[in-house]
*Asks:* 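Okay, here's the structure, questions in a sec.
Here is the naming used below: chain letters follow the sequence lines, and residue numbers restart at 1 for every chain.
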Protein chains: 2
Amino acid sequence: MGTPEVASAMKKTGRKRGLITMRDVAQATGFSPATVSIVLNNAPLARYIASTTRQRIEETAKRLGYRPNAMARFLRSKRSQSIGVILFDVTDPFCIPILRGIENALYPLAYLPIFADAHNQRDRFERYLEMLLERHVDGLIVVANWLFVDIDVLADLNKREIPAATIGWELPGKRVSSVMVDNEAGGRQALEHLYQSGHRKIAIIRGPKRLIDTAPRWRGIQKFAQSVKLEIDPALTLQLPDLFDATSSFEHGYRLTEEFLQTKKKFTALLAFDDLTALGAMRALAKAGISVPEQCSVTGFDDVAVSALAVPSLTTVRQPLEVMGSTAVGIVMDAIKAGQENRDWPVVSQKLHPELVIRDSTHNT
Amino acid sequence: MGTPEVASAMKKTGRKRGLITMRDVAQATGFSPATVSIVLNNAPLARYIASTTRQRIEETAKRLGYRPNAMARFLRSKRSQSIGVILFDVTDPFCIPILRGIENALYPLAYLPIFADAHNQRDRFERYLEMLLERHVDGLIVVANWLFVDIDVLADLNKREIPAATIGWELPGKRVSSVMVDNEAGGRQALEHLYQSGHRKIAIIRGPKRLIDTAPRWRGIQKFAQSVKLEIDPALTLQLPDLFDATSSFEHGYRLTEEFLQTKKKFTALLAFDDLTALGAMRALAKAGISVPEQCSVTGFDDVAVSALAVPSLTTVRQPLEVMGSTAVGIVMDAIKAGQENRDWPVVSQKLHPELVIRDSTHNT
DNA sequence: TTGTATGCGTTATCAA
DNA sequence: TTGATAACGCATACAA
């Protein structure tokens, strides 16, 4: 029934098939495009439109299969209803819950994320940033965890063009909003758990020097150790190297644990910088015939999805990754609203609390 | 130096800060917007532009910080340089390498993926589909693995509006392009590996009935069994239920393995429907004090990222997930080109070969 | 070699 | 209660 009319509507304007515009609806109903617009958007003026008119238009729009053209709308309104999301590496399990949190917070707002994955490469990050700016995304969320991106550009952006927020990383000087976990508290929680389980000889794998999380986690560890007069043996402390890709920490967790074992120093627990490091450590321990947790407890950090599936499941310090994603969305959306109302928006730095998740990889000594 | 000029350029047109348009560049150089457009896009006519002019324009554009407005360009050209990507669930590790593959293939084409996550919900899928259509994405890639989405809409779309491809799922009747792994070959490979390792008592966890992969994998298993006269004990065959979310197969792998153990039937190997099922099985075996692979070999399917990290690492049938993503991009891009040239585009069904990856969870008996 | 004019589909302002 | 018109920023056909 509808099809012939659609065809004729399209013929009249000579447009490519499948593209019904407001004008087509206007012609089909006999009203003007302006009226159609008002009705279909339920604009304020719609109050004054005769209800018969309204019905005619709505019904016709549906019958013709009219679909608003977001491009045109965006051009007019200067809002793209899109948020650019740049991840340092999708392949890193850390990113996934964050991405989910972002998407989930955007959904009810009818915003869509435009997805960019930097592959841990600086030039790729910059290229994507440029592409997103050309698309005039309304806001920007950057999930970063490594340093070699000089994200100073973001600070500028945030001040003069579009609202931005970073997750898992922050710019010195509070010039861009950020969402982070309280790393110091987390470091403390991990060590405290091991200590309270009776461990005194604890091997520690620290994070890579240049990673922003490394120092505060270590500080949390040291502070707790001091507070209970626990001695941290330097010979049982190693540091991950500064190389990055999604599984490098697994491999290095494995290697560093082998190093620990070679020293013949006794330890009854191992505190790893993050979950993948911990899993690597667990493999090395298994290979050496050391059972976890009976002979050695292991803790991680992040509570990445795999940690719950490992055998034994991993005790870890949970980052509220999904919440971090949605929090960033909240910050950016507030800023967008401010921008629309021509107000300045604040730089906000959220620090969320980590949570100790006790599973099967730790054990009383 | 540049800033005051920027300010004045903006003042003249009264536009909001940070938005330099072609007209601004035109005014600043004294040329017309058309010339500016031709130069900055390196359009065919750029050949005829005086090189001094060209330089002036390019230099000025840079100095003013001109950035093309993709919205406007898209509206004009009717191409959004975007691909809609709908995943059934980002949280499922299966999706991640596919997403990476899609993004990676799109990057050199200056296309950007618009990200949608259906959360395994049909209404969410439909809503996202509608949003993507309104944005006039040039193409659509749907990563689906479950049935409750009646993706017949896709067939229509593909024929009349935008090129589409599915990954990991296919519509009956070849009405939409799809990229799949050869499940039958994969099922065969898994069983063949166990058989050749000497296993004869093999427990099997089949996939959920409604999942499209289930039947062909099972067929591959049966055919191989017949070919070597291996008897498959029905008492050692269980099926995953039809409930879906990212970790349900892990849990059910665990439970079904416990069921196997309760029957007291002996088996020296377990062939699981997918990797998460296998990991669940491994946990159940560990809990029962059965060591993998010494007392029981285990195989998975997919080669999801965690499988390499598990202890012991999992032998599995690898789906070339990243390649599947890039293949889908290839199909869709070809169709887009065809559409632009007003040709019809074919429906293509790619079936990629799985690859057996032997790790530590299997062992000769 | 460059400029003018027009239109992509919407929406907002103003007029009727 | 509705319609005419202009403009968003860009790219093209055509004119000069």
*Asks:* State whether Y107(A) and R124(B) meet the cation-pi test: NZ (Lys) or CZ (Arg) under 6.0 Å from the six-membered ring centroid, and within 45° of the perpendicular axis.
*Replies:*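 Cation-pi check for R124(B) and Y107(A): passes.
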*Asks:* Taking only side-chain nitrogens and oxygens of S32(A), does any of them come within less than 4.0 Å of OP1 or OP2 of dT2(D)?
*Replies:* no
*Asks:* For I49(A) and M71(B), take the nucleotide of DNA chain D holding the closest heavy atom to each; which residue's nucleotide lies nearer the 5' end?
*Replies:*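 This one resolves to I49(A).
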*Asks:* Within a strict 4.5 Å, meaning less than it, do heavy atoms of the S82(B) and R135(B) side chains meet?
*Replies:* no
*Asks:* Under 4.0 Å from OP1 or OP2 of dT11(C): is there any side-chain N or O of K78(A) that close?
*Replies:* no
*Asks:* Can you tell me if the side-chain N/O atoms of T35(A) get under 4.0 Å from OP1 or OP2 in dT2(D)?
*Replies:*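 No.
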*Asks:* Please round to 10 degrees the angle between the axis of the first five pairs and the axis of the last five pairs in the helix from dT1(C)-dA16(D) to dA16(C)-dT1(D).
*Replies:* 50°
*Asks:* Return whichever of R76(B) or S51(B) has its heavy-atom-nearest nucleotide of DNA chain C closer to the 5' end.
*Replies:*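 First, find each residue's nearest nucleotide; the 5'-ward one identifies S51(B).
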*Asks:* Look at Y48(B) and dA16(D) and indicate whether a side-chain polar atom (N or O) is within less than 4.0 Å of OP1 or OP2.
*Replies:*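 For Y48(B), the contact criterion (side-chain N or O under 4.0 Å from OP1 or OP2 of dA16(D)) is not met.
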*Asks:* Tell me what A50(A) touches on the nucleic acid: a base, only sugar-phosphate, or nothing, going by heavy atoms under 4.0 Å.
*Replies:*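 Counting heavy atoms under 4.0 Å across all strands, the contact made by A50(A) is with sugar-phosphate only.
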*Asks:* So what does F74(B) touch, heavy atoms closer than 4.0 Å: a base, only the sugar-phosphate, or nothing?
*Replies:* nothing
*Asks:* Taking only side-chain nitrogens and oxygens of T53(A), does any of them come within less than 4.0 Å of OP1 or OP2 of dT2(D)?
*Replies:* yes
*Asks:* State whether the distance check finds a donor on one side and an acceptor on the other, under 3.5 Å, for side chain R73(B) versus base dA11(D).
*Replies:*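 Side chain to base: no pair below 3.5 Å.
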*Asks:* Which is true for M22(B) with a 4.0 Å heavy-atom rule: it touches a base, it touches only sugar-phosphate, or it touches nothing?
*Replies:*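 The answer is sugar-phosphate, as M22(B) gets under 4.0 Å only of primed atoms, P, OP1 or OP2.
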*Asks:* In whole Å, what is the span from the CZ atom of R135(A) to the C1' atom of dG9(D)?
*Replies:*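 Going from R135(A) (CZ) to dG9(D) (C1'), I get 16 Å.
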*Asks:* Using the rule salt bridge (Lys or Arg N to Asp or Glu O under 4.0 Å), only one of K62(B), R63(B), R56(B) pairs with E59(B); which is it?
*Replies:*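 When K62(B), R63(B), R56(B) are each tested with E59(B), the salt bridge (Lys or Arg N to Asp or Glu O under 4.0 Å) holds only for R63(B).
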*Asks:* Reckon N69(B) has a side-chain N or O less than 4.0 Å from the OP1 or OP2 of dC8(D)?
*Replies:*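 The answer is no; no side-chain N or O of N69(B) sits under 4.0 Å from OP1 or OP2.
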*Asks:* Tell me which one of I141(B), V85(B), D334(B) satisfies side-chain contact (heavy atoms from CB on, under 4.5 Å) with V329(B).
*Replies:* I141(B)
*Asks:* Given dG9(C), is OP1 or OP2 found less than 4.0 Å from the side-chain N or O atoms of T21(A)?
*Replies:* no
*Asks:* Tell me what P68(B) touches on the nucleic acid: a base, only sugar-phosphate, or nothing, going by heavy atoms under 4.0 Å.
*Replies:* sugar-phosphate
*Asks:* How would you label the contact of S77(B) with the nucleic acid (heavy atoms, under 4.0 Å): base, sugar-phosphate, or nothing?
*Replies:* nothing
*Asks:* Once rounded to the nearest 0.5 Å, what's the spacing between atom CE of M71(A) and atom CG of L75(B)?
*Replies:*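 With rounding to 0.5 Å, CE (M71(A)) is 8.5 Å from CG (L75(B)).
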*Asks:* Please state whether the phosphate of dC10(D), meaning OP1 or OP2, lies under 4.0 angstrom from any side-chain nitrogen or oxygen of N41(B).
*Replies:*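 Indeed not, no polar side-chain atom of N41(B) lies that close.
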*Asks:* Determine whether E103(A) and V90(B) make a side-chain contact, defined as any pair of heavy atoms from C-beta on separated by less than 4.5 Å.
*Replies:* no
